[in-house]
Chemist: 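Have a look at this one before I ask anything.
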Amino acid sequence: MEAIKSKVNDAGKPQASTVQGLTKDLSNAVDEMMRTDRSSATVQSACELFLRFSSLISQEKLIDANFEAVKCEYVKRGNVFIKRIEKSRSIIAKCFRPFIRSNLKVLTHSYSKVVLESLLESKAHGCVFHVFVTESQPDNSGRRMAEKLRQSGIQTTLILDSAVGYIMESIDIVVFGAEGVMETGGIINKIGTLGIAICAKAMNKPVYVMAESIKFIKEYPLNQSDTPNKFKYRYSTLESKKDALDDEHPLTDYTPPQYLNLLITDLGIFTPAAVGDELIKLYT
Amino acid sequence: MGKKKGHNKPQPANSPIAPQAVPETPEKLNAIAEQLKSFSPKKGQATPPSTPEGSNSAPAAALPLATSTPKAQEKADKRPAKAKGKPEDLNDGDGKSRADIENERKAKKLEKQMKKEAATAKKKADAAAGNAEKPPKAPAKEAPANKGQKDAPKTPQQPSKPALKKHFASSDSSDSFNMTANGSKNVSFKEKSNLKVRFDIQPSNQYDLTERPAIRVSSYFVHATPHNVHPAFRRLAAKCEFKKLNGVNELLLAFHKTLIEFVEDYNPRPDLPFSESISLDLQPQLCCLSDNGVHPFPQAVGNLIRLFKKQIHELDNTKEICDLKTYLKEWIENSAYYNFDLAEKAIVEFTISKLKSMAHRRILTYSRCPIVEKIILTAAEQFNDLHVYIVDDPNNGSRGKTMLESLSEASIPCTYGHINSIGYLVHQASVVLLGCSAILNTGRVVALRGSSLLALSAQAVNIPVLVAAKTCTFVDKVRLDEHLSTALLREPIETIPEDLVTALVTDLRIVPPSSAPAVLKAKQLGYDN
């Protein structure tokens with residue numbers, strides 16, 4: 001989100017005097033952001049989509065001789081984009097509400113803002129349910145999630161990553177966020193997601209993924225090794241250890257679409273198979 | 001155990017051992033025609049009295065007589081007596097046998113009713129094809145056929161072609177044969193007589209490529225005579241018969257060329273506007289190839305034909321004829337270019353981008369697909385550690401050997417195995433690369449028989465399955481009648497379920513099989529423009 005906002009500010013800076021120059025500047029800004037350690041699949045896809053969206057100005061406006069006007073257009077569209085994605089989380093939360101009934105046991109993995117917001121919204125509408133959150137090493141982000149959930153009065157249990165197999169039989173639904181949604185319909189998420197998804201499939205528990213549309217990525221991984229390295233490792237790691245990545249622990253893993261039941265996005269609720277088409281629509 | 005298929009032999013047998021070999025030379029045809037009076041099921045079934053009108057008679061052995069049934073009865077009298085406008089590549093022997101058999105046909109036609117004969121022939125053929133040495137079986141099936149059936153022969157049957165061949169080969173004697181059979185065997189099989197017996201198709205275990213299933217009575221067909229069929233189409237049919245064209249890709253390319261020839265030589269009828277006249281005259285050509293709709297075209301060819309017809313339909317008739325012809329020819333050439341040169345380049349690029357990210361490039365492939373071959377050859381230039389495992393079906397042409405040769409020439413390390421060794425080979429490979437002849441609407445892949453074994457094994461050991469599919473091979477069908485062979489291609493095909501396929505590599509982009517309808521839509525729109 002912040003990444004996008006900064007991009008819009010960039011657009012406002014009067015540095016370029018042609019459309020091409022402006023696009024180049026924006027791309028440079030994107031590259032800058034990619035190079036930070038906080039870059040992730042989300043940021044990358046969001047930046048790409050932002051670029052595409054803002055460039056989609058109608059022809060007449062482009063021909064306008066006054067470049068300032070064109071730049072204003074860019075900024076305007078950028079703001080529209082931002083507003084849309086600000087709303088996307090609440091749209092997803094609304095879509096998710098019918099899935100939560102009372103006395104449901106929900107399993108989730110690591111810290112995801114989208115999942116958090118959806119669960120909070122369901123609680124606010126009076127559902128009583130029990131959430132199990134995995135600790136999600138190495139950064140212990142599950143703990144943060146559990147804290148936030150407890151603060152709003154949801155009954156929460158923090159479990160070990162290794163306890164997922166044990167707890168799965170008493171779970172009703174599994175919910176993940178996503179850092180990126182791929183063209184296959186599979187997702188990239190915090191490491192450990194794949195294991196939980198496989199376990200859920202083995203025990204016939206439904207798996208739902210919540211992702212905003214800016215997270216759609218135009219890649220087609222066939223398996224774990226086929227996922228691009230820029231999603232798996234931080235930028236600094238990639239730079240420093242370009243050749244010896246075998247020793248590095250990846251931060252994310254790829255969950256293939258056959259382990260997912262539904263994807264809940266701000267564009268609607270999709271099966272993994274339909275995501276590919278939606279993605280193409282977004283990117284054209 | 002089995003002598004079947006020569007599995008135990010050092011060299012795989014290419015033809016079935018069963019006594020169903022079809023004589024394909026005109027001399028033999030003549031010989032058999034002359035033996036008609038001494039009809040016996042064994043010989044009789046082997047006879048294809050060549051030509052349904054307009055098709056090559058030399059390879060006519062394989063072209064089904066099935067169509068001749070309705071044809072014979074309805075249009076035998078209209079048929080020109082001799083093949084006058086024969087193309088130069090048919091020899092004299094053909095004409096002789098053709099004339100012979102046409103005479104026989106006329107004679108037979110007068111005697112029998114259409115439906116009963118077809119039904120009878122079907123049952124007989126089934127029996128005869130099933131076991132040539134057991135005549136009693138044939139009459140047994142005739143009995144119910146003769147009694148119960150009133151409908152036109154609609155039920156597809158596997159050996160109906162040999163049946164009909166026999167039917168026409170045996171003139172009057174077959175009739176008498178029927179009668180005796182009826183009389184003698186009536187009692188014991190009476191209980192079947194009122195049943196409408198439907199023989200379901202069993203896929204042939206023997207890969208007898210001359211066995212043509214299905215009689216499908218088409219309500220509309222154009223009588224294709226040697227006059228109105230352009231020799232280019234007949235050459236195409238001949239090439240397919242003689243296996244010069246293997247696989248959908250080669251067939252499509254050849255078909256493009258055929259169409260271009262046809263358009264070039266075409267002189268429109270004076271009384272009709274160009275587009276109408278050319279579409280009218282296109283009909284007999286296609287009928288000749290597909291025997292009046294009995295055998296459907298292979299899917300991708302059907303696509304091409306449909307689009308071509310659409311182009312014709314949209315022609316602006318006010319233009320000059322030579323302009324229109326040039327336009328059509330250009331369109332065909334463009335389509336060939338897009339669907340072959342460009343499409344293959346795109347597919348190769350996409351696949352290589354996937355291969356790039358793999359640590360060990362061990363590719364498992366089945367038989368020979370020209371696109372897969374191209375992919376591997378191009379990949380070998382970029383990667384050093386490529387290893388190819390080729391699985392082949394010895395009973396079905398052993399085309400993998402051709403692939404093996406061409407890859408070895410490029411110094412790519414290869415391993416070759418028969419389909420029996422798939423269990424071992426699949427553990428060595430890291431990715432499966434398959435070719436296809438069509439993609440259905442649901443995402444199912446239509447490919448050579450045996451490909452699904454690779455896909456299934458790959459899923460069992462968790463390696464990805466990539467299918468190289470050109471967008472021109474996407475069809476808007478949900479189901480194939482898998483047992484029916486198609487008009488020009490004789491290779492046995494099967495469908496691979498969509499959940500076994502990881503990705504379809506098309507020339508648009510890499511696509512999950514479930515997105516096949518989206519590709520269909522995109523391409524149709526593309527053509528609409």
Chemist: What part of B/Leu466 is in contact with chain A, defined as an atom under 4.5 angstrom from a non-hydrogen atom: side chain, backbone, both or neither?
Modeler: side chain
Chemist: In terms of heavy-atom proximity below 4.5 Å to chain A, should B/Pro512 be classed as side chain, backbone, both, or neither?
Modeler: both
Chemist: Please state whether the side chain, the backbone, both or neither of A/Pro221 comes within less than 4.5 Å of a heavy atom of chain B.
Modeler: backbone
Chemist: Mind checking whether B/Tyr416 and B/His418 have parallel, tilted or perpendicular rings, split at 30° and 60°?
Modeler: perpendicular
Chemist: Is it the side chain or the backbone of B/Val465 that comes within 4.5 Å of chain A heavy atoms, both, or neither?
Modeler: neither
Chemist: Among residues at least two apart in sequence or on other chains, which ones pass side chain to side chain donor-acceptor pair (under 3.5 Å) with A/Lys87?
Modeler: none
Chemist: Would the distance check show the side chain of A/Gln224 and the main-chain N or O of A/Tyr254 forming a donor-acceptor pair, the cut-off being under 3.5 Å?
Modeler: yes
Chemist: Would you call the rings of A/Tyr208 and A/Phe99 parallel, tilted or perpendicular, where under 30° means parallel and over 60° means perpendicular?
Modeler: tilted
Chemist: Can you tell me which portion of A/Asn223 sits under 4.5 Å from chain B's heavy atoms? Options are side chain, backbone, both or neither.
Modeler: side chain
Chemist: Suppose we screen for side chain to side chain donor-acceptor pair (under 3.5 Å). Which residues come up paired with A/Gln137, at least two apart in sequence or across chains?
Modeler: A/Glu135
